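These notes concern the structure reproduced below.
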Amino acid sequence: MVTNLEIFLGVLAVLVALYYYFTAHFDFWNVRGIPGPKPVPVFGNVMRNMFGRISLSEFVMNLREQYKNEPMVGIIVRRTPTLVIQDPDLIKDVLIKDFPKFADRGFIISEIAEPISAHLFALEAKRWRPLRSKFSPVFTSGKLKGTFSLILACAEQLGDYLQKLVERGEPIDCRDLAGKFTTDVIGSCAFGLEMNSLTDQESEFRKMGKEIFATHFRAVMRFRMKECAPQLYDLLSYVMPSDKLTDFFTKITIDTINYRIKNNIFRPDFMNILLELRKHPEKIPDVELTDTLLSAQAFVFFGAGFETSSTTIGNALYELALNQDIQDQLRQEILKYELDNNGDWKYEVIKEMTYLGKVFQETLRKYPTLPVLSRDATSDYTFNGTKVSIPVGTKLWIPVIAMHRDPDIYPNPEKFDPERFNESEKSKRHPMHYLPFGDGPRNCIGARFAIYQTKIGLIKILQHYKVDVCEKTPLTYELDRLAFLLMPAKPLYLKFTKLDY
């Protein structure tokens with residue numbers, strides 16, 4: 001017969017075991033001489049972030065303010081030791097010089113519960129490297145010139161749709177407007193499909209796009225479960241409804257590939273690369289090229305391509321509405337180049353527009369899409385010039401937004417000032433202090449595409465419309481505290497006025 005004492009001792013043993021499990025790594029950074037905040041059991045240092053009290057951006061900015069002069073800061077993410085690197089030379093070592101030792105991003109891939117999570121952004125080095133080499137040719141300058149006319153055609157549709165919205169005389173959510181434009185661009189340039197997002201009726205692609213980065217309760221709970229208990233998450237997938245994003249993108253990808261094969265259609269785009277890999281899997285002998293893996297690549301190109309650029313366009317318009325002098329100067333440049341080139345916008349013309357480039361760079365300085373870059377150590381490593389050694393598997397964070405908003409690097413960082421990107425000003429800064437697209441071999445593969453997509457969208461809006469704040473404009477930019485990317489918590493409503501000249 002079990003006594004009360006035995007029950008008590010059993011419960012105590014379980015509690016002690018749990019306490020040890022959740023605190024076993026709490027001395028990980030102390031023994032290595034790395035400073036950092038004191039963690040708490042179960043949550044480590046990210047309890048407020050997990051419960052949506054602060055955003056990831058706010059967390060790393062607060063951390064930098066607290067440990068301003070430290071080259072490295074050690075934190076515990078739940079129970080995982082994570083090293084936040086602040087010294088730009090050490091960042092350069094991780095991203096570029098010693099990249100092979102940090103080739104993994106360390107994201108959780110749940111190929112059972114979310115088959116399309118095995119995409120280029122998250123894949124481990126073994127599969128990432130050969131796939132990246134196959135996709136890179138799609139994003140060269142030469143290929144971008146070939147798709148430039150497609151982007152421009154979508155921009156013309158954007159202008160037509162915006163005119164209809166302006167005629168209604170109501171405030172416009174500029175981020176949603178930009179999202180419809182970039183959805184159409186990605187559909188045309190990557191899938192060879194007309195998305196028809198620039199209408200009042202929401203297209204299926206637009207609905208799916210919104211779902212990718214959604215922060216509603218169900219989406220957040222799935223994400224937290226995948227983070228905290230990935231094995232349980234995979235097990236539950238056998239009884240949970242199938243992932244609708246996986247179903248949608250697998251179907252659209254395979255249907256498009258099959259249609260092109262059947263009708264002998266060739267387009268020099270992203271989908272054609274997937275088609276060739278499906279027909280010739282021997283090109284990547286060490287990777288099993290399943291339909292789902294191919295669909296995952298289409299999924300991430302669509303998701304990253306539409307969301308990052310649409311948010312950047314929205315943020316740029318928001319800042320230009322608040323800073324009319326900058327808006328006027330940018331419009332003057334747009335009108336000058338339009339006049340000089342007889343309204344014929346070309347790839348080379350966009351490249352020459354220096355002030356537009358500065359506005360774009362300053363937008364991503366203040367609002368980097370990825371507030372943090374992550375890496376995993378793929379081998380034991382000792383940081384150059386230090387005695388700090390980390391074992392294989394250690395996670396690293398590079399706090400991009402904390403550097404971008406550091407007043408010692410960018411004085412008065414809350415001010416929107418494109419002149420920070422004059423050549424003389426840029427030369428004063430360490431190149432690792434500006435990382436909106438990352439750096440090194442694992443930088444953003446679609447950066448060039450994103451830049452031109454965003455710039456063309458801004459040109460087509462600002463050459464004909466003035467943007468102003470209105471009664472629905474949030475005068476304080478609040479971050480979505482549950483989002484993985486840097487996103488506004490509220491719609492960015494602005495007033496658009498047609499210009500007469």
Side-chain angles (χ1 to χ4, degrees), residues 95-96 99-100 102-107 109 111 114-148 150-151 185-193 212 245-246 249-262 264-306 308-309 375-376 378 437-453:
L95 295 181
I96 303 172
F99 169 76
F102 300 97
D104 286 352
R105 281 203 170 107
F107 285 93
I109 300 173
E111 292 189 70
E114 296 177 6
I116 57 172
S117 64
H119 49 67
L120 199 64
F121 184 80
L123 280 174
E124 74 289 346
K126 181 181 178 181
R127 289 187 287 178
W128 163 80
R129 190 172 281 106
L131 282 172
R132 168 99 182 202
S133 68
K134 296 299 181 184
F135 295 143
S136 293
V138 177
F139 299 99
T140 62
S141 296
K143 284 294 195 306
L144 185 55
K145 288 180 183 179
T147 60
F148 190 81
L150 299 176
I151 302 175
V185 171
I186 297 298
S188 178
C189 295
F191 291 84
L193 300 173
I212 294 173
L245 287 173
T246 294
F249 280 97
T250 300
K251 184 178 187 306
I252 199 71
T253 301
I254 303 309
D255 284 355
T256 301
I257 289 174
N258 289 338
Y259 180 81
R260 290 191 181 187
I261 293 174
K262 181 180 178 180
N264 196 29
I265 295 173
F266 171 78
R267 283 172 58 101
D269 59 12
F270 188 82
M271 193 60 65
N272 188 67
I273 298 292
L274 299 183
L275 184 154
E276 288 299 316
L277 290 176
R278 191 175 186 229
K279 289 169 62 176
H280 303 287
E282 70 277 3
K283 291 183 177 180
I284 308 182
D286 297 328
V287 178
E288 185 182 0
L289 293 172
T290 63
D291 285 352
T292 303
L293 185 66
L294 296 177
S295 301
Q297 312 321 311
F299 159 76
V300 75
F301 182 47
F302 171 76
F306 102 82
T308 56
S309 294
R375 293 291 187 270
D376 266 15
T378 57
F437 295 108
D439 209 328
R442 200 149 189 178
N443 66 346
C444 176
I445 190 173
R448 189 181 284 110
F449 184 92
I451 290 169
Y452 279 88
Q453 177 181 220

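Remember, it's a predicted structure, so these values are computed and weren't measured experimentally. Sequential numbering from 1 along the given sequence is applied to the chain's residues.
- Looking only at side-chain heavy atoms (C-beta outward), Ile254 and Ser295 come within less than 4.5 Å of each other.
- The side-chain heavy atoms of Leu293 and Gln297, taken from C-beta on, include a pair separated by under 4.5 Å.
- Annotation: side chain of Arg278 is in contact with side chain of Asn258 (closest heavy-atom distance under 4.5 Å).
- Within the 3.5 Å criterion, the main-chain N or O of Leu120 finds no donor-acceptor partner in the side chain of Arg132.
- Shown are Leu144, Ile445, Thr147; of these, the side-chain contact (heavy atoms from CB on, under 4.5 Å) with Phe139 is made only by Ile445.
- Of all the heavy atoms in Leu95 and Pro441, the pair that sits closest is O-CD, 3.5 Å.
- Thr140 contributes a side-chain N or O that, together with a main-chain N or O of Pro137, makes up a donor-acceptor pair within less than 3.5 Å.
- Using bins of under 30°, 30° to 60° and over 60° for the plane-to-plane angle, the ring pair Phe148/Tyr452 lands in the perpendicular bin.
- Between the Glu276 side chain and the Lys283 main chain, no donor and acceptor come within less than 3.5 Å of each other.
- Enclosure of atom CD in Glu288 is not indicated, since only 12 or fewer non-hydrogen atoms of other residues, nucleotides or ligands lie within 6.0 angstrom.
- Paired with Phe270 under the rule ring-ring contact (aromatic ring centres under 6.0 Å, His included), one option of Phe449, Phe302, Phe301 passes, and it is Phe301.
- In this structure, Arg105 forms a cation-pi arrangement with Phe121, its terminal cationic atom sitting closer than 6.0 Å to the ring centre and no more than 45° off the ring axis.
- Between His119 and Phe299, the two ring planes are tilted [angle within 30° to 60°].
- Other residues, nucleotides and ligands place no more than 12 heavy atoms under 6.0 Å from the OH atom of Tyr259.
- Within the 4.5 Å cutoff, the side chain of Met271 has heavy atoms near those of the Ile257 side chain.
- Phe266 has its side chain out of reach of Leu275: every pair of non-hydrogen atoms, C-beta onward, lies at least 4.5 Å apart.
- When atom types are taken as modelled, the side chain of Asn443 and the backbone of Gly438 share no donor-acceptor pair closer than 3.5 angstrom.
- For the pair Leu123 and Ile109, the minimum side-chain heavy-atom distance is below 4.5 Å.
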